[in-house]
Amino acid sequence: GTRMAMDESFEENSLENNNGVSASPNPSTGSFKVVSKGDFVYDITDMNAKQLENGSGKNEAFVGGILKPGLYILKVKNERGVSQLKLIKK
């Protein structure tokens, strides 16, 4: 019902999701600061699922500095699971 629709729009606008992963600033003109508690691995793909960058971090990592302007998908895997965030590069 109504509550579900509200939750969905909130999730879409929220930079942080339930696994405690966030990326800021978003949109960014440079790199994105990914925050995820503990050890994590990440990869960035374009909208055609082509991998452009991958790596790992502990608590935080700076990613996406090399990306051209566009829309990308950031996947972060930590002990709580896999999170997916949209990154907008200006």
Side-chain angles (χ1 to χ4, degrees):
T2 331
R3 190 167 168 269
M4 195 172 173
M6 274 173 62
D7 286 352
E8 274 171 32
S9 61
F10 173 73
E11 209 173 283
E12 192 65 33
N13 298 332
S14 170
L15 289 179
E16 186 167 332
N17 72 7
N18 44 10
N19 289 329
V21 175
S22 66
S24 62
N26 191 11
S28 175
T29 52
S31 56
F32 300 85
K33 181 184 181 182
V34 176
V35 177
S36 174
K37 198 165 174 244
D39 294 312
F40 63 92
V41 294
Y42 73 89
D43 70 33
I44 298 173
T45 57
D46 64 16
M47 299 318 277
N48 301 315
K50 181 183 167 204
Q51 190 182 83
L52 303 170
E53 187 180 330
N54 68 313
S56 60
K58 188 177 174 75
N59 299 320
E60 63 179 48
F62 289 89
V63 310
I66 57 159
L67 298 175
K68 297 183 176 79
L71 184 61
Y72 301 93
I73 303 290
L74 167 72
K75 279 198 191 108
V76 177
K77 187 175 183 226
N78 61 23
E79 61 191 11
R80 291 181 290 291
V82 180
S83 308
Q84 219 169 267
L85 299 172
K86 280 186 196 136
L87 298 181
I88 300 166
K89 184 74 181 265
K90 291 282 191 201

Self-check item: With sequence neighbours excluded, residues passing side chain to side chain contact (heavy atoms under 4.5 Å, CB included) with Lys33
Solution: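 Side chain to side chain contact (heavy atoms under 4.5 Å, CB included) list for Lys33, sorted by chain: Ser24, Val35, Glu60, Phe62.
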
Self-check item: With Lys68 via side chain to side chain contact (heavy atoms under 4.5 Å, CB included) - residues at least two apart
Solution: Tyr72

Can you give me the closest heavy-atom contact between [X] and [Y], atom names plus distance?
X     : Y     : value
Val82 : Lys75 : CG1-CD, 4.4 Å
Pro25 : Ser31 : CD-O, 4.0 Å
Val21 : Ser36 : CG2-OG, 3.9 Å
Thr29 : Lys89 : O-CE, 3.4 Å
Phe40 : Ala61 : CZ-CB, 3.7 Å

Self-check item: Under 3.5 Å donor-acceptor, Asp39 side chain and Lys58 backbone
Solution: no

Does the side chain of [X] reach to within under 4.5 Å of the side chain of [Y], using non-hydrogen atoms?
X     : Y     : result
Glu53 : Tyr42 : yes
Ile44 : Ile73 : no
Pro27 : Lys90 : yes
Val76 : Asn19 : no
Val41 : Asn54 : no

Calculate, to the nearest 0.5 Å, the distance between atoms [atom1] and [atom2] belonging to [X] and [Y] respectively.
X     : Y     : atom1 : atom2 : answer
Asn26 : Lys86 : CG    : NZ    : 10.5 Å
Lys37 : Asn78 : NZ    : CG    : 10.5 Å
Leu67 : Ile88 : CG    : CD1   : 12.5 Å

Side-chain donor/acceptor pairs under 3.5 Å, residues 45-52, sequence neighbours excluded:
| residue | atom | partner | partner atom | Å |
| --- | --- | --- | --- | --- |
| Asp46 | OD1 | Asn48 | N | 2.9 |
| Asp46 | OD1 | Ala49 | N | 3.2 |
| Asp46 | OD1 | Lys50 | N | 3.0 |
| Gln51 | NE2 | Asp43 | OD2 | 3.4 |

Practice problem: Kindly determine whether Leu71 and Leu87 satisfy side chain to side chain contact (heavy atoms under 4.5 Å, CB included), including the steps that lead there. | Solution: CA-CA 6 Å; Leu71 184 61; Leu87 298 181; over 6 Å; no

